[in-house]
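Just so we're on the same page: letters track the sequence lines, and every chain starts at 1.
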Amino acid sequence: MTKYDPHAIETKWQQTWESEGLYSVSEDASRPKKYVLEMFPYPSGDIHMGHVRNYTIGDVIARHATMSGFNVLHPIGWDAFGLPAENAAIKSNSHPATWTYANIETQAASFRRMGFSYDWDRAVRTCDPEFYRWGQWIFLKFWERGLVERKSSPVNWCPSCKTVLANEQVIGEGVCWRCKSAVEKRELEQWFLKITEYAQELLDDLDTLKGWPERVKAMQANWIGRSEGAEVEFTLCDAAGEPTEQRITVFTTRPDTLFGCSFFLLAPEHPLLSQLVAGTQFEQDVRGIVEMAAKETSVERSSSDRPKRGAFTGRYVLNPVNGEKVPVWVADYVLMEYGTGAVMAVPSGDQRDFDFARHYGLAIPPVVLAEDDPLLDALAGKKARVLSDVDWPGAFDAEGVLVQSGEFTGMRGGKKSEAMHAVTAWLAERRLGRETVNFRLRDWLISRQRYWGNPIPAIHCPECGLVPVPEDQLPVVLPLDVDITKGETLADHPEFYETTCPKCGGAAKRETDTMDTFTCSSWYFLRYCDARNDSAPFDPAKVGYWMPADQYIGGIEHAILHLLYSRFYTKVLRDAGMCSFDEPFTNLLTQGMVKLDGATMSKSRGNVVAPEDIIARYGADTLRAYILFMAPPDKDLEWSHEGLEGMWRFLNRAWRLVEEIADETVGGSGVAAAGGPAAVALRRATAASVSKCGDDIARFQFNTALSAIMEFVNAAYDYRRDVPEGMRDLALLRGVATDLTRLLAPFAPHMAEELWRVVLAEPGSVHRGGWPDFDAAALESDEVELPVQVNGKVRDQVTVAADACDEDIVAAALALPNVVAHISGKTVRKVVVVPGKLVSVVVG
RNA sequence: GCCCGGGUGGCGGAACGGCAGACGCGGGGGUCUCAAAAACCCUUGUGGGAAACCACGUGUGGGUUCGAAUCCCACCCCGGGCACCA
């Protein structure tokens, strides 16, 4: 008998698997495919417990699928561009490439030590020209399709990262997703991908993602922020108050309240504002508001409990439904980024407008009233305005009945109401408005003023304007001789940016911004399908075979960012004819965090348990099994060293069991097909464990899958304790040992392989040996024990034949001593027999 | 404010509407040993009881049901996302 020695066997099998090419895969039409994908890591240095959890989950799913007969693609790679490499290079006086490639080597070595079943031949590193070349190529496809735009707009600037950020990358209270510094707004000309053109489809297709957590879908829907409403055009009056030709459009979700519009608002950034007040007595006050708004950070500006500020512009607009002159104000709570930057204010129906009206003494005419509003007596049916103010404590924004609203008076008002459609139709007939949908989602700002990224393949020509780099000149290679430690970027590198125009041949300047790293992660999963292709990003046939990914696993922090961008890329590539599916990831599993002492493990907090230390002490198999056993994969888990010891004990216990059975069954004497209750119980435990373990892996309940294996081991020990040597059914025990080894294989792949090939001397690899079947008949039993309830409380157990009829069961149940005790002196009113479950007696 | 999760022993966590607490950790007791480690066995929701057994028990309050941790309604607490979004 040998002792379980994880270090000796883990290294041995890792090397053997790699030399045998156990995990290389290719397309195979004869088998069902499964694409198991984990979010690829940023090569930040040593791996941490979050990595261990993420990639172990994927590895168990992949190994189980392979054993179950699937042709499994299970790749790995590195999201290798990004700012931390630049910062680290500056700190260590080296180069981002040196730092990045060294970290990749470190992480790859750790992943090998964890025993992950990757097809290493498909590994990608996004900072390799062989990879980013095709990122540029895809960018040009977007450009061809009109989805690339360079425009000037107020953008998010992170002063610490010294670059702009996409809206999705500003999180929480207006901070940078990476460094958590407060971002600033700057008006800059930048590159955008027009994700808004896909807003509706990105929202609609969330419904098709049955295998995604509700939480993630809700977050994306929230982020896309669709609202139905109408555009309404107001005619601008000149300084003398006479109507002009110019109209200002607003977006509103409540066109039914148009008769309650008592003022009109422009955002401080609205382009029309300065010309409206230029040279007037109102100019100074308006400018005061504009400057105040400009000074504030987005955090301050977006705080809703802060008083709203504004100023009258001296101008008026005409309300299209009644021709009323409405004063135009500037207000700091109106956002230029949302809608049209102009708002029709209806203070009786909108709390913000209400607050503003009260503060500046503006009218608050009621137009929608609740059924029980006392004002209804006075105003019901009144088409013209008779009341211009209310004594309400706040605005009324619920459904109600329209008053003082011309021909619409009496209709039901509210969001998506009868009155809303009627008013919009009325406006549409007169070309003063139309039903429309507005999204919160903004175009994706992808340019970054940083060095370590994928160069944007564009050239600025003084003659031809913006010119795409021709396909045959790709890749635009990121030069490696930039001195990052001096803070240089591509903009400081004439050898890079001095070029000629591909169109006219004249001197031109190459674009020096690089692309957001999220552009790389938006399609790397397609590249895995054909990772070494040097004539295209991928072969559509190969992508067609593997994609969409059947299972995607990663952190919830990408619920919007990476997952939304990847969905967008997929849809664009589909429209470009490069793939034929609508969504990249059929099922999504978002794993929880690994915590210690209630807090996320982090170096700065000093509460880190290093995976490498655990591997060195217990081996990778204990770590793998333990991190899955602690909690369901989507929940946060609290690291416990005692728990880890428990898993170590269990693996040793399982090891000894298989060793002992192997010794016993090689030339041992036993009783062939020995019967008896102990053997029946062990057969049942075997079938139950195999069945439950497989089911639980399929529904990602790895913790209960492992507990099923533990119960199996316990049952085998019970049998060996209860049945003396020489009396044991050796065929049964041999089956227990091989089934147990196979159940362990996804969780503890090295140990299972050693038990399989060496201890049990079975042919081939356990990882190619198939998932065990179970004997359904062994789960059947001649007799069943049913709990008997009296008035809902369990009072006794009745043992009856499995095929007993209800009458016999009831008779037996009512004769049980403790049941008799609880029903004596009472009338049995009803008896419910649930076959195989229980008996429920109702007395009264 | 709106939208998602989640509240079960000392702890991590189990439970197709059917014996709440599987499995593991921790605790208590024991076997083996000169002793210890390892391993193995018994025990472990709370209260009462020598025991049989009884009562209570899944955040709170109602409801549906023969039967509710599970379904419905109202609420409380915790975590997360969105938010002057018109």
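Whole-Å rounding puts the D353(A) CG to rA86(B) P distance at 12 Å. The nearest whole Å value for the distance from the CD atom in E269(A) to the P atom in rC84(B) is 13 Å. Atoms CD (E638(A)) and P (rC78(B)) sit 20 Å apart, rounded to a whole Å. Across the protein-nucleic acid pair, E231(A) atom CD and rA86(B) atom C1' stand 13 Å apart, rounded to whole Å. Nucleotide rA86(B) holds its C1' atom 13 Å from the CD atom of E337(A), rounded to whole Å. Rounded to an integer number of Å, the gap from CD1 of I560(A) to P of rA83(B) is 8 Å. Protein atom CE of M647(A) is 12 Å distant from nucleotide atom C1' of rG12(B), rounded to whole Å. Atom CG in L838(A) sits roughly 7 Å away from atom P in rC19(B) (whole-Å rounding).
Checking the phosphate oxygens (OP1, OP2) of rC85(B), a side-chain nitrogen or oxygen of R352(A) falls inside 4.0 Å. OP1 or OP2 of rG24(B) sits under 4.0 Å from a side-chain N or O of N714(A). OP1 or OP2 of rA55(B) has at least one side-chain nitrogen or oxygen of R795(A) nearer than 4.0 Å. Neither OP1 nor OP2 of rG18(B) sits under 4.0 Å from any side-chain N or O of S840(A). Dashed line: the shortest gap from a side-chain N or O of R649(A) to OP1 or OP2 of rC25(B) is under 4.0 Å.
At the heavy-atom level, V834(A) lies under 4.0 Å from base atoms of the strands shown. Within the 4.0 angstrom heavy-atom criterion, no nucleotide atom of any strand lies near P213(A). Contact annotation for V343(A): base contact, defined as any heavy-atom pair under 4.0 Å involving a base atom. As judged by a 4.0 angstrom heavy-atom cut-off over every strand, H641(A) is placed among residues making no nucleic acid contact. Nucleic acid contact class of N438(A) (heavy atoms, under 4.0 Å, all strands): none. Residue contacts shown for R720(A) are absent, as no nucleic acid heavy atom lies under 4.0 Å away. Using a 4.0 Å heavy-atom distance criterion, D636(A) is classed as a sugar-phosphate-only contact. Residue contacts shown for K793(A) are limited to sugar-phosphate atoms, with no base heavy atom under 4.0 Å away. Residue contacts for Q797(A): at a heavy-atom cut-off of 4.0 Å it reaches a base atom on one of the strands shown. Within the 4.0 angstrom heavy-atom criterion, only backbone atoms of the sugar-phosphate kind lie near G646(A); the bases stay farther away. Within the 4.0 angstrom heavy-atom criterion, base atoms lie near N222(A). At the heavy-atom level, T252(A) lies under 4.0 Å from the strands shown only through sugar-phosphate atoms. Residue R656(A) is classed as a sugar-phosphate contact, given heavy-atom separations below 4.0 Å to backbone atoms only.
Base pairing annotation: rC82(B) forms a Watson-Crick or G-U wobble pair with rG1(B), both donor-acceptor distances under 3.5 Å. Partner assigned to rC34(B) is none, using Watson-Crick or G-U wobble distances below 3.5 angstrom. Figure legend. rG9(B) is base-paired to no nucleotide; pairs are counted as Watson-Crick or G-U wobble with both atom distances under 3.5 Å. Judged by Watson-Crick or G-U wobble contacts below 3.5 Å, the nucleotide rA74(B) has rU60(B) as its partner. Base pairing analysis places rA69(B) opposite nothing; no Watson-Crick or G-U wobble pair with both distances below 3.5 Å involves it.
If you take atom C1' in rU70(B) and the same atom in rC32(B), they sit 46 Å apart, rounded to whole Å. If you take atom C1' in rC19(B) and the same atom in rC53(B), they sit 16 Å apart, rounded to whole Å. Rounded to the nearest Å, the gap between the P atom of rC41(B) and that of rU46(B) is 23 Å. For the C1' atom pair drawn from rC16(B) and rG24(B), the interatomic distance equals 24 Å after rounding to whole Å. Taking the P atom of each, rG12(B) and rG63(B) are spaced 32 Å apart, rounded to whole Å. Nucleotides rA68(B) and rA55(B) place their P atoms 15 Å apart, quoted to the nearest Å. Nucleotides rG7(B) and rG59(B) are separated by 8 Å at their P atoms, to the nearest Å. To the nearest whole angstrom, the two P atoms, one in rC66(B) and one in rA22(B), are 30 Å apart.
Among rC53(B), rG12(B), rA14(B), the nucleotide with an atom closest to any side-chain atom of P632(A) is rA14(B). When distances are taken from the side chain of Q789(A) to each of rG18(B), rA55(B), rC3(B), the shortest belongs to rG18(B). For N703(A), counting side-chain heavy atoms from C-beta on, the closest listed nucleotide (rC85(B), rG12(B), rA14(B)) is rA14(B). Nearest nucleotide to the side chain of E214(A), out of rA86(B), rC4(B), rG12(B): rC4(B). For R440(A), counting side-chain heavy atoms from C-beta on, the closest listed nucleotide (rA83(B), rA15(B), rG13(B)) is rA83(B). Across rG67(B), rG26(B), rA86(B), the shortest atom-to-atom separation from the side chain of E642(A) is found for rG26(B). Considering only the side chain of E711(A), rC23(B) comes nearest among rG13(B), rA14(B), rC23(B). The side chain of V794(A) approaches rA20(B) more closely than any other nucleotide in the set rA20(B), rC40(B), rC66(B). Considering only the side chain of A218(A), rC3(B) comes nearest among rC23(B), rA15(B), rC3(B).
Nearest heavy-atom pair across A705(A) and D696(A) is N-OD2, 3.5 Å.
For W648(A) and Y4(A), the distance between ring centers is under 6.0 angstrom. Under the 6.0 Å cut-off for aromatic ring centres, W639(A) and Y626(A) qualify, their centroids lying closer than that.
Remark on RNA chain B: of its neighbouring residues I171(A) and R215(A), the 5'-side contact belongs to R215(A), judged by nearest-heavy-atom nucleotide. Along RNA chain B, the nucleotide closest to L706(A) and the one closest to W223(A) are compared, and the more 5′ of them pairs with L706(A).
Aromatic ring orientation, Y360(A) versus F356(A): tilted (interplanar angle from 30° to 60°). Classified by interplanar angle (parallel below 30°, tilted 30° to 60°, perpendicular above 60°), the ring pair Y338(A)/F251(A) is perpendicular. Ring geometry for Y565(A) versus W444(A): interplanar angle under 30°, hence parallel rather than tilted (30 to 60°). Using cut-offs of 30° and 60° for the angle between ring planes, the H562(A) and H558(A) rings count as perpendicular.
Side-chain atoms of N438(A) and S227(A) form no donor-acceptor pair, as typed in the model, at a separation below 3.5 Å.
Comment: K595(A) does not engage E638(A) in a salt bridge, judged by the lack of any side-chain N to carboxylate O separation of less than 4.0 angstrom. Taking the charged nitrogens against the carboxylate oxygens, K217(A) and E214(A) do have a contact shorter than 4.0 Å, which makes a salt bridge.
Counting distance only, with no hydrogens placed and no angle test, the side-chain atoms of K830(A) and the base atoms of rC66(B) include no donor-acceptor pair under 3.5 Å.
Classified by its glycosidic torsion, rG9(B) falls in the syn category, the angle being within 90° of 0.
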